[in-house]
A.B. asks: 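I'd like to ask you about the structure that follows.
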There are 2 protein chains.
Amino acid sequence: MIDGFMLTKEKIYIEAARLFQEKGYAAASMRDLADRLELRPSSLYSHIRSKENLLEKICFENAERYGALMQECLALELTAAAKVEYLLRQHIRIALKHPTSITVFNDEWRHLPPVSLKRFIGMRKVYEENFCTLLSQAMQEGHFRSFDPLLVLNTLLSSLLWLHRLDARATLPKEDAVIDLLLYGLRST
Amino acid sequence: MIDGFMLTKEKIYIEAARLFQEKGYAAASMRDLADRLELRPSSLYSHIRSKENLLEKICFENAERYGALMQECLALELTAAAKVEYLLRQHIRIALKHPTSITVFNDEWRHLPPVSLKRFIGMRKVYEENFCTLLSQAMQEGHFRSFDPLLVLNTLLSSLLWLHRLDARATLPKEDAVIDLLLYGLRST
DNA sequence: TCTTTGCGCGAACGAACGTTCGTGTACTTG
DNA sequence: CAAGTACACGAACGTTCGTTCGCGCAAAGA
């Protein structure tokens, strides 16, 4: 449960993310959610629109987080290789700071209703294209070894997926060690 | 659909894996499954026990596949580093050869009923411990750079998770390139 | 030929689902 | 004090779920 002062609406969003993370969106019921908040199911609807809308909020909140990150990154005056490192560092920090929300974002987006789903996939595509371009540039500039950029992109992004699933009791991995492990083999020097 | 001669029971298992992959276990219904097989829902139960049992079969079939792989690997006369490379190669091949089944195995195991869930987690624990030991040995033998073995394990296994999700139309990644990308930075020479 | 077996089917079951609606109540505002 | 707002609630809705049961038919075995 959530302690301290907090609006019921905020509590619902936070607990929904936790519930969706634990059980998955489809297996999580509004009755589950109400129980955890010590509310009756019908009371939820004084604060939220629908179960689907909870998922949309969680997914797009994070999609926009990553979108903003990419814009901010592209505006930096750095080499492409340094931008990639910057992005990866932020990915690690985001995954460790918002694990529940990011788990839902990563694993449950396919349950979005058709219109939202399309928009979501579009946003991800833009992000991945930008990321891929940076990888290509870093290779052309000679900072990274030559690889299929799409292969590298998929591998890099995939390799971080365990971070947000970490048990709350687990000792957090060191950011520098993760970066070292991911990038050392990519660099050409 | 599935062409050629095949027992109805086998068709059900194959189509169930596809359905669970597409929609997720909880969101997939037995009516969906029956539709795809051009059967009525009740007819499924002439061949299978329950929906849960379908999931159990898929998950443990793969758990045992990996268990056997590990036993076979440990029996090889190779350095620890070479064993790790061997395991990773097999992981890639398995993911590309059985993408639907492996997706269900990777993503849907948490919907197993309590008893099966416990057994499944136990099997995974054993596998990961063996893998982790190999990584430690490879570091002690000087073939791999020194890292927290658990960090390396999580990163390596995670980094392959995109393979089994690949669209059937996508061009398959080259096994050697993936191995190179994963291990180059890990090796100490 | 008679009997058994395998299996596809329609109908129906109880349970759980997301959600709506009208009500009661406790604050806030004028 | 009166009016309005916010919100928790019980009851109920229509739907979908996994599954069971008994029936009928066709192929296989004696």
Side-chain angles (χ1 to χ4, degrees), chain A residues 1-59 104 108-117, chain B residues 1-59 104 108-117:
Chain A
M1 277 302 305
I2 306 151
D3 293 330
F5 174 78
M6 195 179 259
L7 291 172
T8 306
K9 197 177 198 168
E10 297 176 54
K11 287 192 200 174
I12 293 177
Y13 279 101
I14 292 178
E15 200 60 42
R18 284 220 272 254
L19 183 62
F20 294 167
Q21 177 187 38
E22 272 180 45
K23 299 203 173 192
Y25 175 76
S29 79
M30 298 303 274
R31 286 167 174 85
D32 284 341
L33 182 55
D35 279 349
R36 295 185 179 212
L37 293 158
E38 295 182 283
L39 284 175
R40 272 4 98 202
S42 57
S43 308
L44 296 171
Y45 291 86
S46 297
H47 303 275
I48 63 157
R49 183 118 48 93
S50 64
K51 186 188 180 190
E52 261 182 2
N53 189 249
L54 282 175
L55 181 64
E56 290 176 325
K57 284 265 173 51
I58 296 171
C59 286
V104 176
E108 308 297 334
W109 57 267
R110 61 172 161 171
H111 295 109
L112 288 168
V115 175
S116 297
L117 182 62
Chain B
M1 278 304 304
I2 305 150
D3 292 329
F5 173 79
M6 195 178 257
L7 265 53
T8 305
K9 197 179 201 166
E10 298 178 53
K11 288 191 200 176
I12 293 177
Y13 278 101
I14 291 178
E15 200 59 44
R18 284 220 272 254
L19 182 63
F20 294 168
Q21 176 186 39
E22 274 180 44
K23 299 201 171 195
Y25 174 77
S29 79
M30 297 304 273
R31 286 166 175 86
D32 284 341
L33 181 56
D35 280 349
R36 294 185 180 212
L37 293 159
E38 297 182 281
L39 285 175
R40 273 1 100 200
S42 56
S43 307
L44 296 171
Y45 292 85
S46 296
H47 304 275
I48 63 158
R49 184 119 46 96
S50 64
K51 187 188 179 191
E52 261 182 2
N53 189 248
L54 281 175
L55 181 64
E56 289 176 325
K57 284 266 173 48
I58 297 170
C59 285
V104 176
E108 308 297 333
W109 57 267
R110 62 172 160 172
H111 295 110
L112 289 168
V115 175
S116 298
L117 182 61

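Within every chain, numbering begins at 1; the chains are lettered A, B, ... in the order of the sequence lines, protein sequences first and strands thereafter.
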A.B. asks: Counting primed atoms plus P, OP1 and OP2 as sugar-phosphate and everything else as base, spell out the protein contacts along nucleotides 21-29 of chain C at 4.0 Å heavy-atom distance: B, S or - for each nucleotide, 5' to 3'.
C.D. replies: B--------

A.B. asks: List the steps, then state whether side-chain contact (heavy atoms from CB on, under 4.5 Å) holds for A:K51 with A:L33.
C.D. replies: CA-CA 10 Å; A:K51 186 188 180 190; A:L33 182 55; over 6 Å; no

A.B. asks: Rounding to a whole Å, what distance do you find between A:R31:CZ and D:dT15:C1'?
C.D. replies: 12 Å

A.B. asks: State the OH-CG distance between A:Y45 and A:L39, to the nearest 0.5 angstrom.
C.D. replies: 12.5 Å

A.B. asks: For the pair made of CZ in B:R40 and C1' in C:dC9, what is the distance, rounded to whole Å?
C.D. replies: 8 Å

A.B. asks: With sequence neighbours left out, write down each residue that passes side-chain hydrogen bond (donor to acceptor under 3.5 Å, both in side chains) with A:Q21, or none if nothing qualifies.
C.D. replies: A:T103

A.B. asks: Between A:N53 and A:I48, is any pair of side-chain heavy atoms under 4.5 Å apart?
C.D. replies: no

A.B. asks: For A:E38 and D:dC7, give me the distance from atom CD to atom C1', rounded to whole Å.
C.D. replies: 16 Å

A.B. asks: Classify A:A28 by what it touches in the nucleic acid, base, sugar-phosphate, or nothing, heavy-atom distance under 4.0 Å.
C.D. replies: sugar-phosphate

A.B. asks: What residues, two or more places apart in sequence or in another chain, satisfy salt bridge (Lys or Arg N to Asp or Glu O under 4.0 Å) together with B:R110?
C.D. replies: A:E108

A.B. asks: Round to a whole Å and report the spacing from CG of B:D32 to C1' of D:dG18.
C.D. replies: 13 Å

A.B. asks: Think B:T8 has a side-chain N or O under 4.0 angstrom from the OP1 or OP2 of C:dG6?
C.D. replies: no

A.B. asks: Just the rounded figure in Å: distance from P of D:dA8 to CG of A:L33.
C.D. replies: 13 Å

A.B. asks: Rounded to whole angstroms, how far apart are CG on A:D35 and C1' on D:dA8?
C.D. replies: 15 Å

A.B. asks: Could you tabulate the donor-acceptor pairs under 3.5 Å formed by side-chain atoms of residues 25-32 of chain B, not counting sequence neighbours?
C.D. replies:
{"unit_1": "B:Y25", "atom_1": "OH", "unit_2": "B:E52", "atom_2": "N", "d": "3.3"}
{"unit_1": "B:S29", "atom_1": "OG", "unit_2": "B:R31", "atom_2": "N", "d": "3.3"}
{"unit_1": "B:S29", "atom_1": "OG", "unit_2": "B:D32", "atom_2": "N", "d": "3.0"}
{"unit_1": "B:D32", "atom_1": "OD2", "unit_2": "B:K23", "atom_2": "NZ", "d": "3.2"}
{"unit_1": "B:D32", "atom_1": "OD2", "unit_2": "B:S29", "atom_2": "N", "d": "3.3"}

A.B. asks: Look up atom NZ in A:K9 and atom NZ in A:K57, then write down how far apart they are to the nearest 0.5 Å.
C.D. replies: 6.5 Å

A.B. asks: What pair of heavy atoms forms the shortest contact from B:F20 to B:I58, and how long is it?
C.D. replies: CD1-CD1, 4.1 Å

A.B. asks: Figure out the CD/C1' separation between A:E10 and D:dC7, and round it to whole Å.
C.D. replies: 16 Å

A.B. asks: So, B:R49 and B:E56, do they make that salt bridge, N to O below 4.0 Å?
C.D. replies: no

A.B. asks: Distance check needed: D:dC17 C1' versus B:M30 CE, whole Å only.
C.D. replies: 11 Å

A.B. asks: Tell me, which of residues 44-56 of chain A have any heavy atom that sits under 4.0 Å from an atom in DNA chain C?
C.D. replies: A:Y45, A:S50, A:K51

A.B. asks: Using a 3.5 Å limit on both distances, find every run of at least three consecutive Watson-Crick or G-U pairs that involves DNA chain C.
C.D. replies: C:1-27 with D:4-30

A.B. asks: What nucleic acid atoms does A:A27 come within less than 4.0 Å of, heavy atoms only: base, sugar-phosphate, or nothing?
C.D. replies: nothing

A.B. asks: Taking the side chain as every heavy atom from C-beta outward, state whether B:T8 and B:L37 have any atom pair closer than 4.5 Å.
C.D. replies: no

A.B. asks: First locate atom CG of B:L55, then atom CG of B:L112, and finally report the distance between them rounded to the nearest 0.5 Å.
C.D. replies: 4.5 Å

